[in-house]
Structure formats: structure tokens, C-alpha cells
Number of protein chains: 2
Amino acid sequence: MTMPLKTVFYNIERAIKEYRKFSQRNLNKVQKEITVDQALILNVLNDQPERSQKELADLLYKDNAAMTRMVEGMVRKGLLTKDEDPSDRRKARLTVTSKGDAVLKSITPVILNNREVALKGITDEEIGLLVQLLQKIVRNIIQP
Amino acid sequence: MTMPLKTVFYNIERAIKEYRKFSQRNLNKVQKEITVDQALILNVLNDQPERSQKELADLLYKDNAAMTRMVEGMVRKGLLTKDEDPSDRRKARLTVTSKGDAVLKSITPVILNNREVALKGITDEEIGLLVQLLQKIVRNIIQP
DNA sequence: TGTGTTTTATTGATATATCAATTATATTTG
DNA sequence: CAAATATAATTGATATATCAATAAAACACA
């Protein structure tokens, strides 16, 4: 078999893993106690406070079980509170605490800078093409 | 903050996660007992039997601890054996068993087909560009 | 209305990821 | 050579991922 480690998929995996490490390193400089995914959750809930765990899981590409445990951890850290949604008692209503809000404010510039640095020297056109190709791959393989 | 979930990085992550799921689904059709990463390890060791755990970890983008435990699992399943490397007793010498070899043979066509299906309708030129852009991102962010 | 189906979230089991500390061996270099 | 340093692998602690099974609530509709 041809070496799988030089394929396009290897490069895709490599890029996203390096980007996650890079992002985490930079987050740690201003905020030791938060992960990249936790930052994403805070960000989504800040913009869209009505999101359920299920919706967060879909947005972040996790499954329900993983999201349950991530939220659990964030509640434990005091970043979120969790209540029953009065309109649908199956759902949880998650709220960003003032601590969560402060953390989010402190890391937002870091996140924006991360993206900028990572994409330095790449034109908008190239980014568009990159996204287009990735979406084509996804369309080729998603389940019918 | 602008929505992080529509960025290029979201699309990169999405593509690799979908590809891993797709690959695993197809592997499971012929071989229930193996994961994508285990298949990669068998493949590398088959081509390059002298690879140490450290080298495997680097190739597969894992850390040493993760590799120790993956190898442990594969030895438990009878896919590999593990001995001391006589020339450097810190290292382990991993050997693909006949069972591991049979498994590898049965999944090789699946792996090749996975790549083909995922890249259908994408030209070599586009693939080259995709890889080039991903490598540029990596160069932008790797630690000095 | 009530029965079956779907949705949301949780839990348990197991595998994997990550970081720090440790052990054993090899290598470097003063 | 001996001491310091580097490397390979392991272990423990903790976080996450994944799958299957379950519970509770909501929904569909005959």
C-alpha cells in the first residue's frame, strides 16, 4: 500500500492538530483554565444563549455524551450554570456566568489573533478554494 | 467575536472527522476489531519494521504515552508482538504477527477505496493546492 | 385519549489524548 | 572516565471520545 502518511488526509489532520496545539498554547498564556473547545462553547452560548446541549454538540462536532461531560466540567469550574428549560423539560438551559463572561472577554482577542497568524500570507481566494475543496470531500463521504 | 464555527478551521476539522468516521464505517464492514489508527500502525510497521514507538507516535501525530497504550492494545489483540530492541534497550521492537498481517491484507483495499471515494471529482492539481495551503498554515503556526 | 415514536440528556464501559513525573538506557562532553 | 544531558518508554491522573443502553419528556396520530 502506498504510504498513508503523506496523503492529503495526513496533511488535513496535521493542520488541524497543529492549529489546536497552537491555539491552546496561546490561550494558556492568558487563561490557564480553559480549553479550545470550552472557549468555543462559551462563545456560542454568548451569541446564542438558547442553544441546547444537543445543538452545541452538533455545532462542535461532538456527541451528546461528550457534551454532557464537557458541560459538567464547565459547571464545576464555574463557567456555566445549568437549569431545566421550562419550555421543554428534556432540555438544559445553559447560562454563561460572570466568571465565564470574564474569561471569554480575556480570550477573544487571542482567538482572533490565532486565526490571523495561522492564515498569514494566504489570500481570501485561496481560503475560499480550501474551504470549497474540504466541503467537496465531506459531500463525497457523508452518509446517505 | 465572529462565529468560529464557520471558519476555515471548522471546515478542516469537519473534513477530517467525517473522513475518520467514513473510514471506520468501511473498515468495520470487513474487520470489526480494528481502528483506523491501528490500521495505520500495521501499515507502517509492514513497510518499515524497524520503527520505534517514538517514531510511530511522531508519524501518527500522537504522543508517546498514547502510543504505549495503543501498542499495548494491539499486542493484547494479537496483532503485534513486542520485544526489546537488542541494539538499543530503551527501544521496543514491534513485529506484525501473522494475524496482524492477515488483517492488514483484508483492509488494504478498503483503505485505498476510501481515499478514492473521498477525493472523487477533485483533480490532482486541486489536491496539490489543498496540501500546499495546509502546509502553509502549519508553517505559520509551528513552534520556533 | 392512549400508544408508539422521537428527542434530549445521562450513565457505564472502554479507548484514547495529554501532561507531568519517573525509570532505564544512551549519548555528550568537560 | 564521570557527570550531566538527552532519549525511549512507562505510569498515573485527568479529560475526552465513542458506543450502547436507559430514562424522561415531548410529539404524532389513529
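Note that the structure is a prediction, hence the values are computed from the model and not measured. Sequence lines set the chain letters: A, B, ... in the order given, protein chains first and strands last, and positions in each chain run from 1.
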* A:K77 side chain to A:I34 main-chain N or O, any donor-acceptor pair under 3.5 Å? -> no

* D:dA8, C:dT10, C:dT25: which one has an atom nearest the side-chain heavy atoms of B:R89? -> C:dT25

* **Under 3.5 Å donor-acceptor pair, B:R69 side-chain atoms to C:dT18 base atoms** => yes

* **Distance in angstrom units between B:K54 NZ and D:dT10 C1', rounded** => 15 Å

* To do: With heavy atoms under 4.0 Å as the rule, sort A:K82 into base, sugar-phosphate or nothing.
  => sugar-phosphate

* **Pairing of B:D37 and B:R20 as salt bridge, 4.0 angstrom limit** => yes

* Structure fact -> note: B:E33, atom CD; D:dC19, atom C1'; distance rounded to Å ~ 14 Å

* Asked: Nearest to the side chain of A:Q53, which nucleotide is it out of D:dT11, C:dT18, C:dA9?
  -> C:dA9

* Structure fact -> Ranking D:dA9, C:dT18, C:dA9 by distance to the side chain of B:A65, first place goes to C:dT18

* Asked: Got a donor-acceptor contact below 3.5 angstrom from the A:K82 side chain to the A:V75 backbone?
  -> no

* Below 4.0 angstrom from OP1 or OP2 of D:dT10, is there any side-chain N or O of B:T68? -> yes

* To do: Using the closest heavy atom to pick a nucleotide of DNA chain D for each, name whichever of B:M67 or A:K77 lands nearer the 5' end.
  => B:M67

* Asked: Could you give the CD-to-P distance, from B:Q24 to C:dT16, as a whole number of Å?
  -> 10 Å

* **Candidate nucleotides C:dA17, C:dC19, D:dT18, ranked by approach to the side chain of B:K62 - the nearest** => C:dA17

* So, does A:Q24 use its side chain to make a donor-acceptor pair with the main chain of A:V36 at under 3.5 Å? -> yes

* Asked: Using a cut-off of 4.0 Å on non-hydrogen atoms, how would the nucleic acid contact of A:D88 be classed: base, sugar-phosphate, or nothing?
  -> sugar-phosphate

* **Proximity to the side chain of B:R90 - top-ranked nucleotide from D:dT7, C:dA9, C:dA17** => D:dT7

* To do: Check the distance between C:dT8's C1' and A:L56's CG and give it to me in whole angstrom.
  => 13 Å

* Asked: Is B:Q38 near enough to C:dT16 that one of its side-chain N or O atoms lies under 4.0 angstrom from OP1 or OP2?
  -> yes

* **Between C:dT23 (P) and B:N64 (CG): distance, integer Å** => 17 Å

* To do: Ignoring the backbone of A:S52, work out which of C:dT18, D:dA26, C:dA9 is nearest its side chain.
  => C:dA9

* To the nearest angstrom, how far is B:D85 atom CG from D:dT10 atom C1'? -> 17 Å

* Closest nucleotide among C:dA17, D:dC19, D:dA9 to the B:D37 side chain -> C:dA17

* To do: Would you kindly give the CD1-to-P distance between A:I41 and D:dA15, to the nearest whole Å?
  => 14 Å

* Structure fact -> CG of A:L79 to CG of A:L94, rounded to nearest 0.5 Å, is 12.0 Å

* Asked: If you check every side-chain atom of A:D63, which of D:dA17, C:dT18, D:dC19 has the closest atom?
  -> D:dC19

* Given atom CD of A:E18 and atom P of C:dT18, what is their separation to the nearest angstrom? -> 11 Å

* Asked: Checking B:N140 side chain against A:K120 main chain: does a donor-acceptor pair fall under 3.5 Å?
  -> yes

